Amino acid sequence: LWAEIRGEWPVLSTADSLLGLAAVLRIVLLLSAELRGEEATATPFLAEPVVLMFLAAAARASMLILSPKDVYHLDGPLGGNVNIAFEVAATLLLAHLALRTLRHGSACLAAVAAAVLLLLPVGLCNRLAIADTADAHLDALFSLSHLLELGAAVAFAVRTLLATGGGAFTALACFLLPLQQLLPAYFLLTAWGKPPLQEVPELVAAGRPFEVLQLAGLAQVGLYVVASAMRIAVTLEEKVADSYIAI
């Protein structure tokens, strides 16, 4: 089996490195948000999206910290303690960014709470069987992290639709977020030795986790692509309007 994996992923060593690379891209985006300060605050990235991303990152980091080394820990050059360090760093950065959402008031927190109440039972009822039965909470955290990322993608798309203006950070977010979420989506679709949307019965603990997680991953990519297209369209429209005003 290891020879087959190495043959299919000769550069990254294993498919797990897709998740590791996504964690690296996440850090790049978050560091940019921290460095840009108020400019990042005025973008669709903050408010509900960043809080849901924080909850997803907290679920991932908790899963890795609580799990044995042979369960949910990534292989490859971006796996192991390197991946844990990136996930913990992302959680801390997102926590700091999420604190800025307090200025958005109760409406933001209510929307996040509603999303969590909607996604939590879906995650609990659609779990893989990667961990031992005694550690079923790890499988639930894995599902919940991906579903919370879906909630963040929905929130980002909605805020992009309603937003006006933008800057360099908005452009960076619209470029990195689709790529960042494409990596775990591709992992979920290809890493199990089965065609997409087909169950692996021995890896199912509850519900239909393969279909749910794979469709959630694809939906995230689609939502971020749509949000990026909307941002490009708005930017072009603003440039055309400015040119008419200048004339």
Side-chain angles (χ1 to χ4, degrees), residues 1-31 52-95 123 126-150 152-153 176-194 196 200 202-205 209-210 212-218 220-221 224:
L1 177 61
W2 178 249
E4 293 178 2
I5 295 175
R6 291 294 297 270
E8 186 173 355
W9 305 91
V11 177
L12 298 178
S13 293
T14 72
D16 286 1
S17 291
L18 293 171
L19 300 180
L21 184 55
V24 174
L25 293 177
R26 188 176 296 112
I27 288 292
V28 171
L29 181 62
L30 296 177
L31 287 176
L52 289 166
M53 289 179 189
F54 161 68
L55 295 175
R60 277 193 305 272
S62 300
M63 177 191 71
L64 290 171
I65 292 171
L66 295 174
S67 65
K69 288 190 175 181
D70 59 342
V71 178
Y72 283 115
H73 286 234
L74 304 185
D75 294 323
L78 296 176
N81 291 331
V82 173
N83 176 248
I84 295 175
F86 275 114
E87 292 293 358
V88 171
T91 303
L92 295 176
L93 288 170
L94 282 164
N126 294 275
R127 293 179 284 108
L128 296 172
I130 303 298
D132 294 334
T133 304
D135 293 326
H137 58 282
L138 300 176
D139 297 315
L141 286 172
F142 181 79
S143 293
L144 187 59
S145 67
H146 287 281
L147 292 170
L148 288 169
E149 290 285 3
L150 173 60
L176 282 183
L177 284 171
L179 178 59
Q180 173 187 297
Q181 295 311 113
L182 176 63
L183 296 171
Y186 189 68
F187 170 87
L188 289 170
L189 289 168
T190 63
W192 314 104
K194 294 279 188 178
V200 183
E202 59 271 24
L203 294 180
V204 175
F210 284 91
V212 169
L213 295 179
Q214 289 173 2
L215 290 174
L218 290 174
Q220 290 172 50
V221 177
Y224 283 126

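Along the sequence shown, the residues carry numbers beginning at 1. Please read these numbers as outputs of a predicted model, since none were measured by experiment.
Contact annotation: the side chain of R26 approaches that of Q181 to within less than 4.5 Å [non-hydrogen atoms, C-beta and beyond]. Residues P184 and H146 meet the side-chain proximity criterion, which asks for heavy atoms closer than 4.5 Å. Residues V28 and L176 form a side-chain contact, since some pair of their non-hydrogen atoms from C-beta on lies under 4.5 Å apart. Looking only at side-chain heavy atoms (C-beta outward), L128 and F142 come within less than 4.5 Å of each other. Side-chain contact between N83 and L78: absent, with no pair of heavy atoms (C-beta onward) separated by less than 4.5 Å. At least one side-chain heavy atom of L147 sits under 4.5 Å from a side-chain heavy atom of V212. In this structure, V221 and Y186 have side chains that are not in contact, with every pair of non-hydrogen atoms separated by 4.5 Å or more. Side chains of L183 and F187 form no contact here, defined as non-hydrogen atoms less than 4.5 Å apart.
Looking at every heavy atom in both residues, A90 comes nearest to I27 through N-CD1, 3.5 Å. Annotation for V204 and A129: closest pair C-CB, 3.9 Å, computed over non-hydrogen atoms. Across all their heavy atoms, L94 and A57 have their closest contact at CD1-CB, 3.6 Å. Considering all non-hydrogen atoms of both residues, L64 and Y72 come closest at CD2-O, 3.2 Å. Minimum interatomic distance between Y224 and A152 (heavy atoms only, all atoms of both residues): OH-C, 3.9 Å. Closest approach of Q180 to A22, counting heavy atoms only: O-CB, 3.6 Å.
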* To do: Please test D132 against V71 for side chain to side chain contact (heavy atoms under 4.5 Å, CB included), starting from the C-alpha separation and ending with a verdict.
  => CA-CA 9 Å; D132 294 334; V71 178; 6.0 Å; no

* Asked: What do the steps show when you test L66 against L138 for side chain to side chain contact (heavy atoms under 4.5 Å, CB included), and what is the final call?
  -> CA-CA 8 Å; L66 295 174; L138 300 176; 3.8 Å; yes

* **Intermediate values then yes/no, side chain to side chain contact (heavy atoms under 4.5 Å, CB included), L177 and M53** => CA-CA 11 Å; L177 284 171; M53 289 179 189; 4.0 Å; yes

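The distance from the CG atom of N126 to the CG atom of L144 is 11.5 Å, given to the nearest 0.5 Å. To the nearest 0.5 angstrom, Q220 atom CD is 6.0 Å from E149 atom CD. The line from CG of L21 to CG of L179 is 7.5 Å long, rounded to the nearest 0.5 Å. How far CD1 of I84 is from CD1 of I65: 7.0 Å, rounded to the nearest 0.5 Å. Note that CG of D75 is 11.0 Å distant from CG of L19, once rounded to the nearest 0.5 Å. Considering CZ of R127 and CG of L141, their distance stands at 11.0 Å, rounded to 0.5 Å.
The closest donor-acceptor contact from the side chain of Q214 to the backbone of L188 lies under 3.5 Å. No donor-acceptor pair closer than 3.5 Å links the side chain of H73 to the backbone N or O of G79. Side chain of S62 to main chain of A59: no donor-acceptor pair is present (N/O by atom type, distance under 3.5 Å, no hydrogens or angles).
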